[in-house]
Amino acid sequence: MAVWRLDNSIAAYPWGSRVAIAQLQGRPFPTAEPEAELWMGAHPRGPSRVSNGGETLAAAIERAPQDMLGPDVVARFGPRLPLLLKVLAAAEPLSLQAHPNPEQARDGFRREEAAGIEVDAPHRNYRDPYAKPELLCALGPFTALCGFAPIERIRARIEALGVPHVRAGLHPLWSRPPAQGLAAAMEFVLTMERPEPLAQAVGQACTRMDAGDDAHARHRACIARLAQRYPADRGVVVALLLNLVELSEGEALYLGAGQLHCYLDGTGVEIMASSDNVLRGGLTPKHMDPPELLRVLEFDPQTVEIRRPRPLDGGEQVYDVPTDAFALSRIDLGAGERWRAPVAGPEILLCTAGAVKVTGADAATVCIGSGHSAFVSASEHGREVEAGEPSTVFRATVG
(Lines give C-alpha, C1' and ligand atoms only; values in the text may rest on other atoms or scores of the structure.)
Protein backbone atom coordinates (compact mmCIF):
# COMPACT_ATOMS: atom_id res chain seq x y z
CA MET A 1 0.00 0.00 0.00
CA ALA A 2 1.24 3.50 -0.75
CA VAL A 3 0.26 7.17 -0.67
CA TRP A 4 3.11 9.35 -1.91
CA ARG A 5 3.60 13.03 -2.50
CA LEU A 6 4.87 13.61 -6.04
CA ASP A 7 7.75 15.79 -7.13
CA ASN A 8 6.85 16.85 -10.68
CA SER A 9 8.77 18.36 -13.59
CA ILE A 10 7.78 21.47 -15.55
CA ALA A 11 8.26 21.61 -19.34
CA ALA A 12 9.55 25.03 -20.45
CA TYR A 13 8.14 25.27 -24.00
CA PRO A 14 8.20 28.71 -25.65
CA TRP A 15 4.39 28.98 -25.76
CA GLY A 16 4.09 28.58 -21.98
CA SER A 17 3.06 31.16 -19.38
CA ARG A 18 5.49 32.91 -17.05
CA VAL A 19 2.68 33.38 -14.53
CA ALA A 20 0.04 30.62 -14.41
CA ILE A 21 1.82 27.56 -12.98
CA ALA A 22 3.94 29.62 -10.59
CA GLN A 23 0.84 31.43 -9.36
CA LEU A 24 -1.01 28.13 -8.93
CA GLN A 25 1.86 26.83 -6.78
CA GLY A 26 2.33 30.03 -4.81
CA ARG A 27 5.79 30.79 -6.25
CA PRO A 28 7.08 34.22 -7.32
CA PHE A 29 6.16 35.29 -10.85
CA PRO A 30 6.80 36.15 -13.62
CA THR A 31 9.27 33.29 -13.95
CA ALA A 32 12.60 33.54 -15.76
CA GLU A 33 11.40 31.27 -18.58
CA PRO A 34 8.00 30.14 -19.87
CA GLU A 35 6.42 27.29 -17.91
CA ALA A 36 4.14 25.38 -20.26
CA GLU A 37 3.24 22.03 -18.65
CA LEU A 38 3.44 20.50 -15.18
CA TRP A 39 3.74 16.72 -15.72
CA MET A 40 2.35 14.15 -13.27
CA GLY A 41 2.83 10.49 -14.04
CA ALA A 42 5.38 7.95 -15.21
CA HIS A 43 6.04 9.05 -18.79
CA PRO A 44 9.73 8.48 -19.63
CA ARG A 45 10.17 12.06 -20.89
CA GLY A 46 9.26 13.54 -17.50
CA PRO A 47 8.44 11.01 -14.78
CA SER A 48 7.35 12.24 -11.37
CA ARG A 49 9.44 11.30 -8.36
CA VAL A 50 7.91 9.82 -5.23
CA SER A 51 8.77 10.95 -1.73
CA ASN A 52 10.31 7.70 -0.48
CA GLY A 53 13.90 8.52 -1.37
CA GLY A 54 13.31 10.23 -4.68
CA GLU A 55 12.98 7.30 -7.10
CA THR A 56 10.82 7.87 -10.13
CA LEU A 57 7.20 6.78 -10.16
CA ALA A 58 8.06 4.66 -13.21
CA ALA A 59 10.73 2.80 -11.20
CA ALA A 60 8.34 2.27 -8.29
CA ILE A 61 5.74 0.81 -10.67
CA GLU A 62 8.35 -1.42 -12.30
CA ARG A 63 9.29 -2.86 -8.87
CA ALA A 64 5.71 -3.75 -7.91
CA PRO A 65 3.26 -3.35 -10.81
CA GLN A 66 0.48 -5.44 -9.27
CA ASP A 67 0.44 -3.42 -6.04
CA MET A 68 0.89 -0.04 -7.71
CA LEU A 69 -1.49 -0.50 -10.65
CA GLY A 70 -3.74 -3.39 -9.67
CA PRO A 71 -4.28 -6.68 -11.54
CA ASP A 72 -7.00 -5.26 -13.81
CA VAL A 73 -4.86 -2.37 -15.10
CA VAL A 74 -1.85 -4.65 -15.64
CA ALA A 75 -4.02 -7.12 -17.56
CA ARG A 76 -5.42 -4.39 -19.83
CA PHE A 77 -2.42 -2.12 -20.32
CA GLY A 78 0.63 -4.05 -19.16
CA PRO A 79 2.92 -2.97 -16.30
CA ARG A 80 2.71 0.74 -17.14
CA LEU A 81 0.64 3.69 -15.96
CA PRO A 82 -1.56 4.30 -19.02
CA LEU A 83 -2.38 7.92 -18.20
CA LEU A 84 -0.52 11.21 -17.89
CA LEU A 85 -1.87 14.21 -15.97
CA LYS A 86 -0.74 17.78 -16.65
CA VAL A 87 -1.42 21.37 -15.83
CA LEU A 88 -1.19 23.12 -19.20
CA ALA A 89 -0.59 26.89 -19.28
CA ALA A 90 -0.69 28.47 -22.75
CA ALA A 91 0.25 32.12 -23.18
CA GLU A 92 0.71 31.64 -26.94
CA PRO A 93 -0.91 29.22 -29.44
CA LEU A 94 0.35 25.66 -29.64
CA SER A 95 0.85 23.91 -32.97
CA LEU A 96 -2.06 22.61 -35.02
CA GLN A 97 -2.03 18.89 -34.35
CA ALA A 98 -3.84 15.57 -34.28
CA HIS A 99 -3.21 12.16 -32.72
CA PRO A 100 -3.56 8.65 -34.20
CA ASN A 101 -6.01 5.94 -33.21
CA PRO A 102 -4.66 2.74 -31.59
CA GLU A 103 -4.21 0.82 -34.86
CA GLN A 104 -2.52 3.78 -36.59
CA ALA A 105 -0.19 4.24 -33.61
CA ARG A 106 0.84 0.56 -33.56
CA ASP A 107 1.38 0.45 -37.33
CA GLY A 108 3.25 3.75 -37.42
CA PHE A 109 5.52 2.76 -34.55
CA ARG A 110 6.35 -0.56 -36.21
CA ARG A 111 7.12 1.15 -39.54
CA GLU A 112 9.47 3.70 -38.00
CA GLU A 113 11.17 1.08 -35.82
CA ALA A 114 11.73 -1.10 -38.90
CA ALA A 115 13.12 1.92 -40.76
CA GLY A 116 15.69 2.44 -37.99
CA ILE A 117 14.56 5.98 -37.10
CA GLU A 118 15.80 6.95 -33.65
CA VAL A 119 12.96 7.43 -31.15
CA ASP A 120 14.11 10.97 -30.34
CA ALA A 121 14.78 11.96 -33.98
CA PRO A 122 13.13 15.32 -34.83
CA HIS A 123 11.40 13.82 -37.88
CA ARG A 124 9.93 10.85 -36.04
CA ASN A 125 6.09 10.75 -35.97
CA TYR A 126 5.44 7.72 -33.74
CA ARG A 127 7.56 7.59 -30.59
CA ASP A 128 5.46 4.82 -28.99
CA PRO A 129 2.73 2.38 -30.07
CA TYR A 130 -0.13 4.09 -28.19
CA ALA A 131 -3.07 6.31 -29.05
CA LYS A 132 -3.39 9.68 -27.33
CA PRO A 133 -6.98 10.70 -26.51
CA GLU A 134 -7.06 13.67 -24.13
CA LEU A 135 -9.38 15.80 -22.02
CA LEU A 136 -8.71 19.46 -21.15
CA CYS A 137 -10.60 20.89 -18.17
CA ALA A 138 -10.37 24.68 -17.91
CA LEU A 139 -9.19 26.32 -14.68
CA GLY A 140 -10.34 29.68 -16.06
CA PRO A 141 -11.16 31.11 -19.49
CA PHE A 142 -9.63 28.82 -22.12
CA THR A 143 -9.71 29.12 -25.92
CA ALA A 144 -9.03 26.47 -28.56
CA LEU A 145 -9.60 25.57 -32.18
CA CYS A 146 -11.00 22.06 -32.44
CA GLY A 147 -12.45 19.86 -35.16
CA PHE A 148 -13.83 20.82 -38.57
CA ALA A 149 -16.78 23.18 -38.33
CA PRO A 150 -20.12 22.59 -40.08
CA ILE A 151 -19.58 23.18 -43.79
CA GLU A 152 -22.13 26.00 -44.16
CA ARG A 153 -20.39 27.91 -41.37
CA ILE A 154 -17.01 27.49 -43.07
CA ARG A 155 -18.39 28.69 -46.40
CA ALA A 156 -19.97 31.73 -44.76
CA ARG A 157 -16.66 32.65 -43.08
CA ILE A 158 -14.78 32.46 -46.35
CA GLU A 159 -17.45 34.42 -48.25
CA ALA A 160 -17.38 37.12 -45.56
CA LEU A 161 -13.64 37.66 -46.10
CA GLY A 162 -14.31 38.86 -49.63
CA VAL A 163 -10.97 37.57 -50.97
CA PRO A 164 -11.63 35.80 -54.30
CA HIS A 165 -8.44 33.74 -54.49
CA VAL A 166 -9.01 32.34 -50.98
CA ARG A 167 -12.41 31.05 -52.09
CA ALA A 168 -10.89 29.80 -55.35
CA GLY A 169 -8.13 27.90 -53.54
CA LEU A 170 -10.67 26.23 -51.24
CA HIS A 171 -13.23 25.54 -53.99
CA PRO A 172 -13.68 21.82 -53.07
CA LEU A 173 -15.69 23.04 -50.06
CA TRP A 174 -18.39 24.08 -52.55
CA SER A 175 -18.02 21.42 -55.24
CA ARG A 176 -17.83 18.20 -53.19
CA PRO A 177 -19.70 16.56 -50.30
CA PRO A 178 -18.61 18.02 -46.92
CA ALA A 179 -16.07 15.40 -45.75
CA GLN A 180 -14.59 15.00 -49.24
CA GLY A 181 -14.42 18.76 -49.70
CA LEU A 182 -12.62 19.21 -46.37
CA ALA A 183 -10.14 16.44 -47.22
CA ALA A 184 -9.38 18.02 -50.60
CA ALA A 185 -9.08 21.52 -49.13
CA MET A 186 -6.75 20.29 -46.41
CA GLU A 187 -4.60 18.42 -48.93
CA PHE A 188 -4.34 21.59 -51.02
CA VAL A 189 -3.32 23.76 -48.05
CA LEU A 190 -0.90 21.25 -46.48
CA THR A 191 0.93 20.42 -49.70
CA MET A 192 1.09 23.80 -51.48
CA GLU A 193 4.68 24.79 -52.23
CA ARG A 194 4.21 28.46 -51.28
CA PRO A 195 1.54 28.95 -48.62
CA GLU A 196 2.67 32.51 -47.87
CA PRO A 197 0.39 34.44 -50.29
CA LEU A 198 -2.77 32.60 -49.24
CA ALA A 199 -1.90 32.79 -45.53
CA GLN A 200 -1.14 36.49 -45.77
CA ALA A 201 -4.39 37.17 -47.64
CA VAL A 202 -6.41 35.37 -44.95
CA GLY A 203 -4.51 37.09 -42.11
CA GLN A 204 -4.83 40.56 -43.64
CA ALA A 205 -8.55 40.13 -44.31
CA CYS A 206 -9.21 38.91 -40.76
CA THR A 207 -7.14 41.74 -39.29
CA ARG A 208 -8.93 44.34 -41.44
CA MET A 209 -12.37 43.03 -40.40
CA ASP A 210 -11.42 42.31 -36.76
CA ALA A 211 -13.66 45.05 -35.37
CA GLY A 212 -16.80 43.66 -36.99
CA ASP A 213 -19.72 42.41 -34.92
CA ASP A 214 -21.15 39.69 -37.18
CA ALA A 215 -21.37 35.99 -36.27
CA HIS A 216 -17.79 35.32 -37.38
CA ALA A 217 -16.05 38.23 -35.62
CA ARG A 218 -14.58 36.26 -32.71
CA HIS A 219 -13.25 33.61 -35.05
CA ARG A 220 -11.66 36.26 -37.28
CA ALA A 221 -10.06 37.88 -34.24
CA CYS A 222 -8.52 34.50 -33.39
CA ILE A 223 -7.11 34.11 -36.91
CA ALA A 224 -5.80 37.68 -36.87
CA ARG A 225 -3.87 36.84 -33.72
CA LEU A 226 -2.45 33.70 -35.31
CA ALA A 227 -1.45 35.67 -38.40
CA GLN A 228 0.35 38.23 -36.29
CA ARG A 229 2.56 35.48 -34.83
CA TYR A 230 2.75 33.25 -37.94
CA PRO A 231 2.08 35.62 -40.90
CA ALA A 232 3.12 33.19 -43.64
CA ASP A 233 2.06 29.89 -42.07
CA ARG A 234 -0.40 27.51 -43.76
CA GLY A 235 -2.02 27.00 -40.34
CA VAL A 236 -3.59 30.46 -40.66
CA VAL A 237 -5.60 29.13 -43.61
CA VAL A 238 -6.43 25.85 -41.86
CA ALA A 239 -7.88 27.83 -38.93
CA LEU A 240 -10.70 28.97 -41.25
CA LEU A 241 -11.99 25.39 -41.25
CA LEU A 242 -12.07 24.73 -37.49
CA ASN A 243 -14.47 25.35 -34.62
CA LEU A 244 -13.59 28.10 -32.16
CA VAL A 245 -14.21 26.76 -28.63
CA GLU A 246 -14.29 29.02 -25.56
CA LEU A 247 -14.38 27.25 -22.19
CA SER A 248 -15.25 28.69 -18.81
CA GLU A 249 -13.84 27.41 -15.51
CA GLY A 250 -14.89 23.79 -14.95
CA GLU A 251 -15.86 23.11 -18.57
CA ALA A 252 -13.91 20.52 -20.56
CA LEU A 253 -13.00 19.55 -24.11
CA TYR A 254 -12.44 15.94 -25.17
CA LEU A 255 -10.17 15.23 -28.14
CA GLY A 256 -10.35 11.82 -29.76
CA ALA A 257 -8.18 10.33 -32.49
CA GLY A 258 -7.91 12.26 -35.74
CA GLN A 259 -9.38 15.48 -34.37
CA LEU A 260 -7.36 18.48 -35.55
CA HIS A 261 -6.92 21.03 -32.78
CA CYS A 262 -4.90 23.92 -31.43
CA TYR A 263 -4.93 25.31 -27.90
CA LEU A 264 -4.75 29.10 -28.11
CA ASP A 265 -4.57 30.44 -24.55
CA GLY A 266 -5.55 29.66 -20.99
CA THR A 267 -4.75 27.26 -18.16
CA GLY A 268 -6.30 23.86 -17.62
CA VAL A 269 -5.93 20.39 -16.15
CA GLU A 270 -5.16 18.02 -19.02
CA ILE A 271 -5.38 14.24 -18.80
CA MET A 272 -4.37 11.94 -21.64
CA ALA A 273 -3.28 8.47 -22.53
CA SER A 274 0.45 8.29 -21.82
CA SER A 275 1.78 8.77 -25.35
CA ASP A 276 3.95 11.18 -27.32
CA ASN A 277 2.50 10.69 -30.81
CA VAL A 278 1.79 14.06 -32.42
CA LEU A 279 1.20 14.85 -36.10
CA ARG A 280 1.44 18.59 -36.79
CA GLY A 281 -0.29 20.69 -39.42
CA GLY A 282 1.05 24.20 -38.95
CA LEU A 283 1.80 27.06 -36.52
CA THR A 284 5.12 25.47 -35.59
CA PRO A 285 8.75 25.28 -36.70
CA LYS A 286 8.75 21.57 -35.79
CA HIS A 287 8.60 18.63 -38.19
CA MET A 288 5.43 18.19 -40.23
CA ASP A 289 4.44 15.16 -42.32
CA PRO A 290 1.40 16.27 -44.38
CA PRO A 291 0.66 12.85 -46.00
CA GLU A 292 0.65 11.12 -42.59
CA LEU A 293 -1.46 13.85 -41.00
CA LEU A 294 -3.98 13.60 -43.84
CA ARG A 295 -4.08 9.83 -43.31
CA VAL A 296 -5.09 10.08 -39.65
CA LEU A 297 -7.44 13.07 -39.78
CA GLU A 298 -11.20 12.66 -39.34
CA PHE A 299 -12.91 14.99 -41.83
CA ASP A 300 -16.54 14.77 -40.68
CA PRO A 301 -17.65 18.35 -39.85
CA GLN A 302 -19.40 18.79 -36.52
CA THR A 303 -20.01 21.15 -33.65
CA VAL A 304 -17.92 20.55 -30.53
CA GLU A 305 -19.42 19.15 -27.33
CA ILE A 306 -18.43 21.14 -24.25
CA ARG A 307 -18.35 18.67 -21.38
CA ARG A 308 -19.49 19.46 -17.87
CA PRO A 309 -19.04 17.17 -14.87
CA ARG A 310 -21.72 14.74 -13.73
CA PRO A 311 -22.34 14.65 -9.95
CA LEU A 312 -21.53 11.47 -8.03
CA ASP A 313 -22.12 10.64 -4.38
CA GLY A 314 -20.03 12.38 -1.74
CA GLY A 315 -19.31 15.63 -3.57
CA GLU A 316 -17.35 14.14 -6.48
CA GLN A 317 -18.12 15.16 -10.07
CA VAL A 318 -16.88 13.10 -13.03
CA TYR A 319 -16.23 14.07 -16.66
CA ASP A 320 -17.66 11.32 -18.87
CA VAL A 321 -15.29 10.36 -21.71
CA PRO A 322 -15.37 7.59 -24.37
CA THR A 323 -12.04 5.99 -23.42
CA ASP A 324 -10.84 3.46 -20.86
CA ALA A 325 -7.31 4.88 -20.69
CA PHE A 326 -8.22 7.49 -18.08
CA ALA A 327 -10.96 9.05 -15.99
CA LEU A 328 -11.03 12.53 -14.43
CA SER A 329 -13.20 13.83 -11.64
CA ARG A 330 -13.32 16.95 -9.48
CA ILE A 331 -13.87 17.18 -5.74
CA ASP A 332 -14.77 20.48 -4.06
CA LEU A 333 -14.49 20.52 -0.25
CA GLY A 334 -15.21 23.10 2.41
CA ALA A 335 -12.89 23.66 5.36
CA GLY A 336 -12.81 20.53 7.54
CA GLU A 337 -14.78 18.42 5.06
CA ARG A 338 -13.64 14.91 4.15
CA TRP A 339 -14.04 12.79 1.04
CA ARG A 340 -13.55 9.07 0.56
CA ALA A 341 -14.46 6.58 -2.15
CA PRO A 342 -13.32 3.09 -3.11
CA VAL A 343 -9.87 2.88 -4.71
CA ALA A 344 -10.32 0.85 -7.89
CA GLY A 345 -6.92 1.52 -9.45
CA PRO A 346 -3.94 3.87 -9.35
CA GLU A 347 -4.78 7.52 -8.67
CA ILE A 348 -3.11 10.89 -8.98
CA LEU A 349 -4.70 13.54 -6.76
CA LEU A 350 -3.98 17.12 -7.87
CA CYS A 351 -4.89 20.06 -5.64
CA THR A 352 -5.73 23.23 -7.61
CA ALA A 353 -7.05 25.39 -4.76
CA GLY A 354 -6.59 25.38 -1.00
CA ALA A 355 -4.76 22.52 0.75
CA VAL A 356 -5.68 18.94 1.63
CA LYS A 357 -4.38 16.03 3.67
CA VAL A 358 -4.39 12.57 2.05
CA THR A 359 -4.35 9.73 4.58
CA GLY A 360 -3.83 6.04 3.82
CA ALA A 361 -5.16 2.99 5.64
CA ASP A 362 -1.95 2.74 7.68
CA ALA A 363 -2.43 6.36 8.86
CA ALA A 364 0.44 7.60 6.70
CA THR A 365 -0.36 11.17 5.70
CA VAL A 366 0.63 13.35 2.74
CA CYS A 367 -0.21 17.06 2.64
CA ILE A 368 -0.56 18.79 -0.73
CA GLY A 369 -1.31 22.42 -1.48
CA SER A 370 -2.34 24.15 -4.66
CA GLY A 371 -0.38 23.00 -7.70
CA HIS A 372 0.92 19.85 -5.99
CA SER A 373 -0.13 16.22 -6.18
CA ALA A 374 -0.03 12.76 -4.61
CA PHE A 375 -0.04 9.22 -5.98
CA VAL A 376 -2.30 6.55 -4.46
CA SER A 377 -1.50 2.93 -5.32
CA ALA A 378 -4.23 0.50 -6.36
CA SER A 379 -3.61 -1.57 -3.21
CA GLU A 380 -4.40 1.42 -0.96
CA HIS A 381 -8.02 0.70 -0.04
CA GLY A 382 -8.51 3.21 2.76
CA ARG A 383 -7.53 6.57 1.24
CA GLU A 384 -9.23 9.68 2.67
CA VAL A 385 -8.93 13.35 1.66
CA GLU A 386 -9.51 16.11 4.23
CA ALA A 387 -9.53 19.83 3.44
CA GLY A 388 -7.90 22.27 5.83
CA GLU A 389 -9.57 25.15 3.97
CA PRO A 390 -11.94 25.43 0.99
CA SER A 391 -10.19 23.25 -1.61
CA THR A 392 -10.48 21.69 -5.05
CA VAL A 393 -8.89 18.35 -5.93
CA PHE A 394 -8.82 16.60 -9.31
CA ARG A 395 -8.74 12.82 -9.21
CA ALA A 396 -7.10 11.11 -12.18
CA THR A 397 -7.40 7.36 -12.52
CA VAL A 398 -7.75 4.63 -15.15
CA GLY A 399 -11.14 4.39 -16.86
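Predicted model only: the values in this text are computed from it and were never measured.
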- To the nearest 0.5 Å, what is the distance between NE2 (H43) and OG (S274)? 4.5 Å

- Query: Counting only N and O atoms by type, is there a donor-acceptor contact under 3.5 Å from the side chain of R18 to the main-chain atoms of A32?
  - Reply: yes

- Item | Side chains of F148 and L260 in contact at under 4.5 Å (non-hydrogen atoms) | yes

- Task: Group every Ile, Leu, Val, Met, Phe, Trp and Tyr by side-chain heavy-atom contacts under 4.5 Å, then state whether I348 and L88 land in the same group.
- Result: no

- Message: Given 3.5 Å as the limit, does a donor-acceptor pair link the side chain of T267 with the main chain of L139, or not?
- Response: no

- Item | Student check: side-chain heavy atoms of S95 and W15 closer than 4.5 Å | no

- Message: Nearest 0.5 angstrom please: W39 CH2 to N8 CG, how far?
- Response: 11.5 Å

- Task: Taking atom types as modelled, find out whether D128 and N277 have a side-chain donor-acceptor pair closer than 3.5 angstrom.
- Result: yes

- Message: Taking the side chain as everything from C-beta on, heavy atoms only, tell me whether L198 gets closer than 4.5 Å to V166.
- Response: yes

- Query: What's the verdict on side chain to side chain contact (heavy atoms under 4.5 Å, CB included) for M288 and L293, showing C-alpha distance, side-chain angles and the deciding distance?
  - Reply: CA-CA 8 Å; M288 295 196 302; L293 175 62; over 6 Å; no

- Query: Are the side chains of V321 and P133 in touch, meaning some heavy atoms are under 4.5 Å apart?
  - Reply: no

- Task: Step by step, work out the side chain to side chain contact (heavy atoms under 4.5 Å, CB included) result for R124 and E113.
- Result: CA-CA 10 Å; R124 176 120 184 190; E113 286 288 281; 3.0 Å; yes

- Message: Is it the case that atom CD in E159 sees more than 12 heavy atoms from other parts of the structure closer than 6.0 Å?
- Response: yes

- Evaluate whether atom CD of E389 has more than 12 neighbouring non-hydrogen atoms of other residues, nucleotides or ligands under 6.0 angstrom away. yes

- Mind checking whether V19 and Y263 sit in one hydrophobic cluster, side chains of I, L, V, M, F, W, Y counted as touching below 4.5 Å? no

- Task: Could you tell me whether the side chain of L145 reaches within less than 4.5 Å of the side chain of H219, counting heavy atoms only?
- Result: yes

- Task: Identify the heavy atoms of L283 and V236 that sit nearest to each other, and give their distance.
- Result: CD2-N, 4.1 Å

- Item | Those residues that, when tested against P150, pass side-chain contact (heavy atoms from CB on, under 4.5 Å) (two or more places apart) | R153, N243, T303

- L161, V189: one ILVMFWY side-chain cluster at the under-4.5 Å cut-off? yes

- Message: Any side-chain to backbone donor/acceptor pair from E298 onto G258? Under 3.5 Å, distance only.
- Response: no

- Message: Could you check whether any side-chain N or O of R155 sits under 3.5 Å from a backbone N or O of L173, counting only pairs where one atom can act as donor and the other as acceptor?
- Response: yes

- Query: If Ile, Leu, Val, Met, Phe, Trp and Tyr residues are connected whenever their side-chain heavy atoms lie under 4.5 Å apart, and connections chain through other members, are L328 and L350 in the same group?
  - Reply: yes

- Message: Please check this pair: side chain of R157 against backbone of L240, looking for a donor-acceptor N/O pair closer than 3.5 Å.
- Response: yes

- Message: So does A355 get a backbone contact from the side chain of S391, meaning a donor-acceptor N/O pair under 3.5 Å?
- Response: yes

- Query: Rounded to the nearest 0.5 Å, how far does CG of L264 lie from CZ of F142?
  - Reply: 8.0 Å

- Within 45 degrees of the axis of the six-membered ring of Y13 and under 6.0 Å from its centre: does K86 put its NZ or CZ there? no

- So, do E386 and T359 sit near enough that their side-chain heavy atoms are less than 4.5 Å apart? no

- Message: Donor-acceptor pair, distance only, cut-off 3.5 Å: does the side chain of E55 make one with the backbone of V50?
- Response: no

- Closest non-hydrogen atom pair between L190 and R234, with its separation: O-NH1, 3.1 Å

- Which atom pair, heavy atoms only, marks the closest approach of P102 to A131? N-CB, 3.6 Å

- Item | CD on E37 to CG on L94, rounded to 0.5 Å | 7.0 Å

- Note on the structure: Scanning both residues in full, the closest heavy-atom pair of E316 with S329 reads OE2-OG, 2.5 Å

- Item | R106 vs E103, salt bridge (Lys or Arg N to Asp or Glu O under 4.0 Å): CA-CA, chis, key distance, verdict | CA-CA 5 Å; R106 288 192 297 268; E103 182 180 4; 5.7 Å; no

- Message: Using side chain to side chain contact (heavy atoms under 4.5 Å, CB included), reason through L253 and C146 one step at a time and then give a plain yes or no.
- Response: CA-CA 9 Å; L253 176 65; C146 177; 3.9 Å; yes

- Is there a path from V269 to L247 through hydrophobic residues (I, L, V, M, F, W, Y) whose side chains come within less than 4.5 Å of each other? no

- Taken to the nearest 0.5 Å, the spacing of I21 CD1 from F29 CZ works out to 13.0 Å

- Item | Steps toward side chain to side chain contact (heavy atoms under 4.5 Å, CB included) verdict (L96, L242) | CA-CA 11 Å; L96 275 167; L242 304 180; 3.6 Å; yes

- Message: Main chain of A98, side chain of H261: is a donor-acceptor contact present, judged purely on distance under 3.5 Å?
- Response: no

- Student check: side-chain heavy atoms of E33 and T31 closer than 4.5 Å: no

- Query: Has the side chain of S370 got a donor or acceptor atom that lies under 3.5 Å from a matching backbone atom of L24?
  - Reply: yes

- Non-hydrogen atoms of D67 and S377 that approach each other most closely: O-CB, 3.7 Å

- Message: So does L333 get a backbone contact from the side chain of R338, meaning a donor-acceptor N/O pair under 3.5 Å?
- Response: no

- Item | Heavy atoms of other groups near Q228 CD, more than 12 under 6.0 Å | no

- Note on the structure: The reported gap from CD in E270 to SG in C137 (rounded to nearest 0.5 angstrom) is 11.0 Å

- Is there a side-chain contact between R167 and W174 (heavy atoms, below 4.5 Å)? yes

- Identify the heavy atoms of H99 and V278 that sit nearest to each other, and give their distance. CE1-CG2, 3.8 Å

